[in-house]
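To find a chain, count down the sequence lines: A is the first, B the second, and so on, and within it residues start at 1.
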Number of protein chains: 2
Amino acid sequence: MAAFTSKDVARIAGVSQSTVSYVMTGKRPISERTRQRVLDAMEQLTYEPHSGARALAGRRTRVVGLVVRFGAGGDAFGLLPFIETIANSARAHDHEVLLVTADEGSAGLRRLAGRALCDAIIMMDIEEHDDRVPVAAALSVPVVLIGVPADPAGLHCVDLDFEAAARMAVDELADTGHDEIVVVGYPASVMERGLNYVGRFLRSARRQAQVRGLPLTVIEPVEHGQEAAAADQLLTRRTGGRLGVVVPHSDAIVPLLNALRKQDVVPGRDISFIGLSPDREAGQSDPPYTNISVEPRDVSRRAMETLFWLLDPSSGVERPPIDLVAPRLTRRTTVMPTPSN
Amino acid sequence: MAAFTSKDVARIAGVSQSTVSYVMTGKRPISERTRQRVLDAMEQLTYEPHSGARALAGRRTRVVGLVVRFGAGGDAFGLLPFIETIANSARAHDHEVLLVTADEGSAGLRRLAGRALCDAIIMMDIEEHDDRVPVAAALSVPVVLIGVPADPAGLHCVDLDFEAAARMAVDELADTGHDEIVVVGYPASVMERGLNYVGRFLRSARRQAQVRGLPLTVIEPVEHGQEAAAADQLLTRRTGGRLGVVVPHSDAIVPLLNALRKQDVVPGRDISFIGLSPDREAGQSDPPYTNISVEPRDVSRRAMETLFWLLDPSSGVERPPIDLVAPRLTRRTTVMPTPSN
DNA sequence: TTGAAAGCGTTACCAA
DNA sequence: TTGGTAACGCTTTCAA
């Protein structure tokens, strides 16, 4: 592991150092013959360019900063697929991923930009009123948010369209002749954090219920492990009418289905059930439930497309400042059909 | 976001650029008065050192490379706590974390070291015979493995002591008068990957069963979602004697407990049950089960201690090349007590 | 189509 | 205790 430099490559190839650089960047035409000689020399030395030197001279790091929050909060199914997709996308663009935890708050952002650790930042787990957003907006590097804060401050945001998701759930229940809706809320830890999508979903659900003239109650907060109690509470709400249950917190779905089963309540027969979750989970669950799709991979892929477009606007088509992925409703058997009489 | 340099800081503070550098690194004594002036100037300019320039001149990046495998394979509970702990530990040492996926194989390792992207590497999800291990051993930066391959090639390894864990499980069942042991194996995807700990656990379990003179069967592979079938298979094994079940794949534990319950088989009364999982999961499960602790945080914390010791051997006490975290057995109610007659 | 050379912002050596 | 200055390995202008 001798650690050769572009000077060594140049010497072996019998060209100047700048030619080596231009072969790598492709920023000026090189005769095929020279190019090949340089490439051979690189191969021979197993040359790798020094990223620090590159960043210094070229004022770009080829690194994407990723700010995530570990621990309590988001849905468990979520974080890993997000990170994975982002890592793959970065690699596809020949970029690295630098991981920063949300615990660092704005300081982490300032460090990423100030120390020139990355060319762009992608930030997840945005709160509705998030201190970091104005800081991010003032940074010298572009920032893409996964989530939509109350004030995006001009930043590009990508997320699932939780407003549309809520409307879809309410509409589905309204269209099939239900006369009451219960939304099973989030754990207190999630509620308190003021995560943007919680408010976006619940507000939209309430509004649409009003539009459709249906009473809607939110049971909240529902702690992890306390889903059985929520199930009880929910069943007392069933005043003889057709009750529809909507569960936006995907971690609560399976426990809740289990709790209902224990009470011999069959979704699709006794009550209706719609969950917000990836299609895969919904289809493989027992029983499979009608769901509204939440696909982390779609969201983070779009976020990365936006990010790379911001880094090189000529590279693709312009991206909208707020880019919402449309949810999809998949009917399985947990929503009672419209009564035929 | 003006992007000031240490030259600016030097000018404002009325000192030379090298003095600014020495204030930051502490590599030579600075009078308190000068030091304060420099710190004030930095504060005033919100100065942040350029990491690329630093890496170039100082030949150290203050970055830790983290190689992880996403997707199928390891236990779901595992990856996130590992990453989180590593990120926190890195931060505590004023280091960044660069994330690389295992899909890149040895190329990722070569890139990390060749491009001087990091000072040290931590690599997870090691296979028993892993191509990357010899490559890692030849790198110009230290590498710490989480896991123990057949041939560590001189690299430092940190992991749970799966051999001891298997012995503990077998001993516990032997000591309480069982006369048969069934180990519920891993999904095929995990078996095929040849992950190091799978072999380490199963081999050790077999050996210890032999030592204790107990028949031991491994049901394998057990797919995710197929735990009910495994439960059936397991119950047919119950030839009237006292049967002990050991479940090393933590993802299978809860589904398996559910499957047993459906058959009205009560662990601790009808059969015995020991799972390998974090204590938290075991205690919060319904029912709580006797478990052997697998604590990702302990393992990754130790791995990071080793890594920073390798980066600066004078900083602490020497680390063993193979550092195994001792598992702990916590008895709950799922192992039948020794018959009293 | 190519080369020479001036930076990029640090660190660390050599002097003072 | 401090300052001056030569690297560090690349990119990019200016010339040819």
Participant: Measure up the A/His93 and A/Phe308 rings against each other and bin them: parallel (under 30°), tilted (30 to 60°), perpendicular (over 60°).
Facilitator: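 Parallel.
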
Participant: Between P on D/dG3 and CZ on B/Arg11, what's the gap in Å once rounded to a whole number?
Facilitator: 15 Å

Participant: What is the distance, rounded to the nearest whole Å, between atom CZ of A/Arg28 and atom C1' of D/dT12?
Facilitator: 9 Å

Participant: Give the rounded distance in Å between these two atoms: CZ of A/Phe4 and P of D/dC10.
Facilitator: 12 Å

Participant: CZ of B/Arg59 versus C1' of D/dA7: gap in Å, rounded?
Facilitator: 9 Å

Participant: Please report, rounded to the nearest Å, how far the P atom of D/dT1 is from the OH atom of B/Tyr22.
Facilitator: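 After rounding, the reported distance stands at 14 Å.
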
Participant: Contact class for A/Ser21 (heavy atom, under 4.0 Å): base, sugar-phosphate, or nothing?
Facilitator: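 Touches a base.
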
Participant: Does a side-chain N-to-carboxylate-O contact under 4.0 Å join B/Glu84 and B/Arg297?
Facilitator: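 Looking at B/Glu84 and B/Arg297, the cut-off is met.
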
Participant: Hydrogens and angles aside, do A/Ser21 and A/Ser18 bring a side-chain donor and acceptor to less than 3.5 Å of each other?
Facilitator: no

Participant: Salt bridge or not for B/Glu305 and B/Arg319, using N-O below 4.0 Å?
Facilitator: yes

Participant: Using the closest heavy atom to pick a nucleotide of DNA chain C for each, name whichever of A/Arg35 or A/Gln17 lands nearer the 5' end.
Facilitator: A/Arg35

Participant: Using 4.0 Å as the upper bound for N to carboxylate O, is an ion pair formed by B/Asp298 and B/Arg301?
Facilitator: yes

Participant: Could you give the start and end, 5' to 3', of the contact zone on DNA chain C for chain A, using atoms under 4.0 Å from its heavy atoms?
Facilitator: C/dT1 to C/dG9

Participant: Please figure out whether B/Thr19 or B/Ala53 has its closest DNA chain D nucleotide nearer the 5' end.
Facilitator: B/Thr19

Participant: As a test of reading the structure: which of D/dT2, D/dG9, D/dA7 is closest to the side chain of A/Ala57, going by heavy atoms?
Facilitator: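 That would be D/dG9.
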
Participant: Return the value, rounded to whole Å, for the distance between atom CD of B/Glu32 and atom C1' of D/dT2.
Facilitator: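 Taking atom C1' of D/dT2 as the reference, CD of B/Glu32 is at 16 Å.
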
Participant: To the nearest 0.5 angstrom, please state how far the CD atom of B/Glu96 sits from the CG atom of B/Leu117.
Facilitator: 13.0 Å

Participant: If you count the non-hydrogen atoms of other residues, nucleotides and ligands that lie under 6.0 Å from CD in B/Glu32, is the total more than 12?
Facilitator: yes

Participant: Under 4.0 Å, counting only non-hydrogen atoms across every strand here, what does B/Ser18 touch: a base, just sugar-phosphate, or nothing?
Facilitator: base

Participant: Considering every strand and a 4.0 Å limit on heavy-atom distances, what is the contact class for B/Val15: base, sugar-phosphate, or nothing?
Facilitator: sugar-phosphate

Participant: Round to the nearest Å and state the distance from B/Leu56 atom CG to D/dT11 atom P.
Facilitator: 12 Å

Participant: Tell me whether the OP1 or OP2 atom of D/dC10 has a side-chain N or O from A/Tyr47 closer than 4.0 Å.
Facilitator: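 Answer is yes, contact under 4.0 Å.
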
Participant: Counting the atoms with a prime plus P, OP1 and OP2 as sugar-phosphate, which does B/Thr34 contact under 4.0 Å by heavy atoms, base, sugar-phosphate, or nothing?
Facilitator: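 Result for B/Thr34 = sugar-phosphate.
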
Participant: Within less than 4.0 Å of OP1 or OP2 of D/dT11, is there a side-chain N or O belonging to A/Lys27?
Facilitator: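 No, outside the criterion.
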
